[in-house]
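A short write-up of the structure that comes next.
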Amino acid sequence: MFEITSKNQDEITITAKQTSVTFNVAQNEIDAGLEVGKVHGPGEFEIGDMTIRGVDVAAVGKDEEKKTTEKKKGETIYVAEIGGVHVAIIGDDEKALDEVPQGCILCTTSVRAVREVEPKIVVAMGNVDGMVTELKLSARTEKKLKIKNASSLPMSLEVVALT
């Protein structure tokens, strides 16, 4: 079991049995209270009972896109796995969506990403009203999203706004 909370639209915190990790999409960093400090950028990490994969968005893009698109510093999306459940934290990024597992929990502001990834739950990180209008869904508001296990995920898409 784990919980997802958010203090602001740029941060998602996942709290599991052994650890708590905050993902900041604006700073492209992970804060798990480690002695080495915050983790920036791509790589694979095991923190407590969580496995995290940071994907360098520019490295998986098409060669032409790399030439014509200026790379943002440290452009990274993160996919955390806790007890068989994947949580993708992508913010407003719409690149490298093939690196995000389908049927996951998706933390994003992008309607395009929701349509391509087909998550079970979307944690809206920005304009919730615009997202639910475009997706023709409604959102429920929660202080924290509690996930028991993979089988407890909904059968159809749900949008959650964390306060």
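FYI, side chains are in, hydrogens and waters are out, and symmetry mates aren't considered; it's all heavy atoms of this structure. The model shown is predicted, which means the values in this text are computed figures rather than measured ones.
Residues V79 and V117 are members of separate hydrophobic clusters, defined by side-chain heavy-atom contacts under 4.5 angstrom among Ile, Leu, Val, Met, Phe, Trp and Tyr. A continuous path of Ile, Leu, Val, Met, Phe, Trp and Tyr side chains, each step under 4.5 Å between heavy atoms, connects L137 with V114, placing both in one hydrophobic cluster. A continuous path of ILVMFWY side-chain contacts below 4.5 Å connects V87 to V25, so both sit in one hydrophobic cluster. Under a hydrophobic-cluster definition in which Ile, Leu, Val, Met, Phe, Trp and Tyr are linked whenever side-chain heavy atoms come within less than 4.5 Å, directly or via other members, L34 and I30 are assigned to the same cluster. In the hydrophobic clustering of ILVMFWY residues, with side-chain heavy atoms under 4.5 Å counting as a link, V36 and I47 come out together.
Within the 4.5 Å cutoff, no side-chain heavy atoms of S20 are placed close to those of I14. Side-chain contact between L162 and T141 is absent, with no heavy-atom pair separated by less than 4.5 Å. V57 has its side chain out of reach of V55: every pair of non-hydrogen atoms, C-beta onward, lies at least 4.5 Å apart. The closest side-chain heavy-atom distance from I105 to V123 is below 4.5 Å. Side-chain contact between M1 and N149: absent, with no pair of heavy atoms (C-beta onward) separated by less than 4.5 Å. Side-chain atoms of I4 and T13, non-hydrogen and from C-beta on, never get closer than 4.5 Å to each other. Two residues are said to be in side-chain contact when any heavy atoms from C-beta on lie closer than 4.5 Å; I121 and P154 meet this criterion. A 4.5 Å side-chain heavy-atom check between E158 and R140 finds at least one atom pair inside the cut-off.
The CG atom of L97 sits 10.0 Å away from atom CD of E99, with the distance rounded to the nearest 0.5 Å. Summarising the geometry, atom CE belonging to M125 is positioned 9.0 Å from atom CG belonging to D92; distances are rounded to the nearest 0.5 Å. Between atom CZ of residue F2 and atom OG1 of residue T15 there is a gap of 10.5 Å, rounded to the nearest 0.5 Å.
Taking each heavy atom of V122 and M131 in turn, the nearest pair found is CG1-SD, 3.7 Å.
Applying the ring pair (Phe, Tyr, Trp, His ring centres under 6.0 Å) rule to pairs touching residues 14-33 yields F23-Y78, sequence neighbours excluded. For the side-chain hydrogen bond (donor to acceptor under 3.5 Å, both in side chains) condition, the pairs that include at least one residue of residues 114-137, sequence neighbours left out, are R112-E116.
Of the possible donor and acceptor atoms, one in the side chain of T108 sits under 3.5 Å from a partner among the backbone N and O of G91. A donor-acceptor pair under 3.5 Å is formed between the side chain of D49 and the backbone N or O of K17.
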| request: Show the numbers, then the answer: is there a side chain to side chain contact (heavy atoms under 4.5 Å, CB included) between E44 and T51? | output: CA-CA 7 Å; E44 292 190 24; T51 302; 5.6 Å; no
| said: What verdict does the side chain to side chain contact (heavy atoms under 4.5 Å, CB included) test give for S6 and I12, after you've listed the backbone C-alpha separation in whole Å, the side-chain angles of each residue and the deciding distance to 0.1 Å? | reply: CA-CA 5 Å; S6 180; I12 293 291; 4.1 Å; yes
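In this structure, a donor-acceptor pair under 3.5 Å is present between the side chains of E94 and S110.
Electrostatic pairing of E81 and R53 does not count as a salt bridge here, judged by no charged N lying under 4.0 Å from a carboxylate O.
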